[in-house]
*Asks:* 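Below are the structure tokens for one structure; questions will follow.
Please read these numbers as outputs of a predicted model, since none were measured by experiment.
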Amino acid sequence: MEKMLANKVAVIRLKRSLNAANALDFERELTTAIMQNDCATLLIDLEQVESLDSAGLMALVSGLKLAQRLGRSLSLCSVSPTIKIIFEVTQLDTVFDIFECQSAFTGTYSRSCLST
């Protein structure tokens, strides 16, 4: 997991897969990122994620719930068509804000959270 703080938006870039083997570690890191983020916005970039299983999905849902409890925003971007099907089948595509790419996210949130 690679973390970057760009214009007060924490961006987490995941690589390869998010599954039972690494979901617990990811969830811990995500919890830390949500708690320490000084802007209320966190973006998870899934561009390099090749696979996602139920454990990985639950880690994302747990992060979303925590963010919501703290009044923060957690969004996803660059979700491949294969991974997007998982969100659609589970109907989590209606729960998460999913953006085509990081630029689309930035365009939406530039006035509400990003510093100028």
Side-chain angles (χ1 to χ4, degrees):
M1 179 168 85
E2 176 185 339
K3 288 188 276 187
M4 297 173 50
L5 192 61
N7 295 326
K8 294 193 175 195
V9 172
V11 179
I12 297 176
R13 289 193 174 91
L14 298 177
K15 298 182 181 193
R16 296 189 198 125
S17 61
L18 182 54
N19 57 33
N22 62 8
L24 187 56
D25 290 336
F26 167 72
E27 188 174 342
R28 286 185 194 125
E29 292 177 24
L30 181 57
T31 297
T32 300
I34 292 168
M35 301 293 283
Q36 294 178 351
N37 187 7
D38 62 344
C39 186
T41 304
L42 183 72
L43 178 65
I44 301 175
D45 186 331
L46 299 175
E47 182 176 22
Q48 296 181 25
V49 173
E50 299 166 357
S51 66
L52 175 71
D53 71 6
S54 60
L57 197 58
M58 289 310 300
L60 290 169
V61 170
S62 293
L64 178 63
K65 286 180 178 181
L66 175 62
Q68 289 173 337
R69 278 195 308 265
L70 297 174
R72 296 172 188 252
S73 171
L74 186 147
S75 300
L76 309 174
C77 75
S78 305
V79 180
S80 72
T82 305
I83 303 293
K84 192 163 190 167
I85 289 171
I86 296 168
F87 285 94
E88 292 169 353
V89 167
T90 59
Q91 298 183 352
L92 288 171
D93 61 328
T94 62
V95 175
F96 284 94
D97 288 329
I98 301 175
F99 294 87
E100 184 177 331
C101 60
Q102 192 170 341
S103 298
F105 169 85
T106 303
T108 300
Y109 281 93
S110 64
R111 292 189 179 99
S112 62
C113 183
L114 301 176
S115 61
T116 56

*Asks:* Without swapping roles, check the side chain of Asp45 against the backbone of Gln102 for a donor-acceptor pair under 3.5 Å.
*Replies:* no

*Asks:* Would Thr106 and Phe99 count as a side chain to side chain contact (heavy atoms under 4.5 Å, CB included) here? Give the steps.
*Replies:* CA-CA 9 Å; Thr106 303; Phe99 294 87; over 6 Å; no

*Asks:* Take Leu76 and Leu60 through the side chain to side chain contact (heavy atoms under 4.5 Å, CB included) test and state the conclusion after the steps.
*Replies:* CA-CA 9 Å; Leu76 309 174; Leu60 290 169; 4.3 Å; yes

*Asks:* Below 4.5 Å, heavy atoms only, C-beta onward: do Phe105 and Asp97 meet side chain to side chain?
*Replies:*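 With C-beta onward as the side chain, the pair stays apart.
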
*Asks:* Can Ile85 be reached from Leu18 by stepping across I, L, V, M, F, W or Y side chains whose heavy atoms are under 4.5 Å apart?
*Replies:*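 Each belongs to a different hydrophobic cluster.
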
*Asks:* Mind checking whether Leu24 and Leu64 sit in one hydrophobic cluster, side chains of I, L, V, M, F, W, Y counted as touching below 4.5 Å?
*Replies:*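 Leu24 does not cluster with Leu64.
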
*Asks:* At what distance, to the nearest 0.5 angstrom, does CD1 of Ile86 lie from NZ of Lys84?
*Replies:* 13.0 Å

*Asks:* Kindly compute the distance separating OG (Ser80) from CD (Gln48), expressed to the nearest 0.5 Å.
*Replies:* 12.0 Å

*Asks:* When clusters are formed by joining ILVMFWY residues with side-chain heavy atoms under 4.5 Å apart, either directly or through shared neighbours, do Leu70 and Val95 land in the same one?
*Replies:*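 Per the 4.5 Å side-chain linkage, Leu70 and Val95 are co-clustered.
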
*Asks:* Only one of Leu74, Ile34, Leu42 passes side-chain contact (heavy atoms from CB on, under 4.5 Å) with Ile12; say which it is.
*Replies:*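 That would be Leu42; it is the only one of Leu74, Ile34, Leu42 passing the side-chain contact (heavy atoms from CB on, under 4.5 Å) with Ile12.
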
*Asks:* For residues Gly56 and Ala23, report the shortest heavy-atom separation together with the two atoms involved.
*Replies:*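 That closest heavy-atom pairing would be N-CB, 3.9 Å.
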
*Asks:* Hey, could you give me the CE/CG distance between Met58 and Leu92, rounded to the nearest 0.5 Å?
*Replies:* 8.5 Å

*Asks:* As an exercise, state the distance from CD of Glu27 to CD of Glu29, rounded to the nearest 0.5 Å.
*Replies:*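 So the CD of Glu27 and the CD of Glu29 are separated by 11.5 Å.
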
*Asks:* Keeping Asn22 on the side-chain end and Ser17 on the backbone end, is there a donor-acceptor pair under 3.5 Å?
*Replies:* yes

*Asks:* Just how far is it from atom OG of Ser75 to atom CD1 of Ile44, taken to the nearest 0.5 Å?
*Replies:*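 Spacing of OG (Ser75) from CD1 (Ile44) equals 9.0 Å.
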
*Asks:* Would you please test Leu66 and Leu30 for side chain to side chain contact (heavy atoms under 4.5 Å, CB included) and show each step?
*Replies:* CA-CA 10 Å; Leu66 175 62; Leu30 181 57; over 6 Å; no

*Asks:* Which pair of heavy atoms, one from Asp53 and one from Asn19, lies closest together, and at what distance?
*Replies:* OD1-CA, 3.1 Å

*Asks:* For the atom pair OG (Ser51) and CZ (Arg16), what is the distance rounded to the nearest 0.5 Å?
*Replies:* 11.0 Å

*Asks:* Does Val61 reach the side chain of Phe96, with side-chain heavy atoms less than 4.5 Å apart?
*Replies:* yes

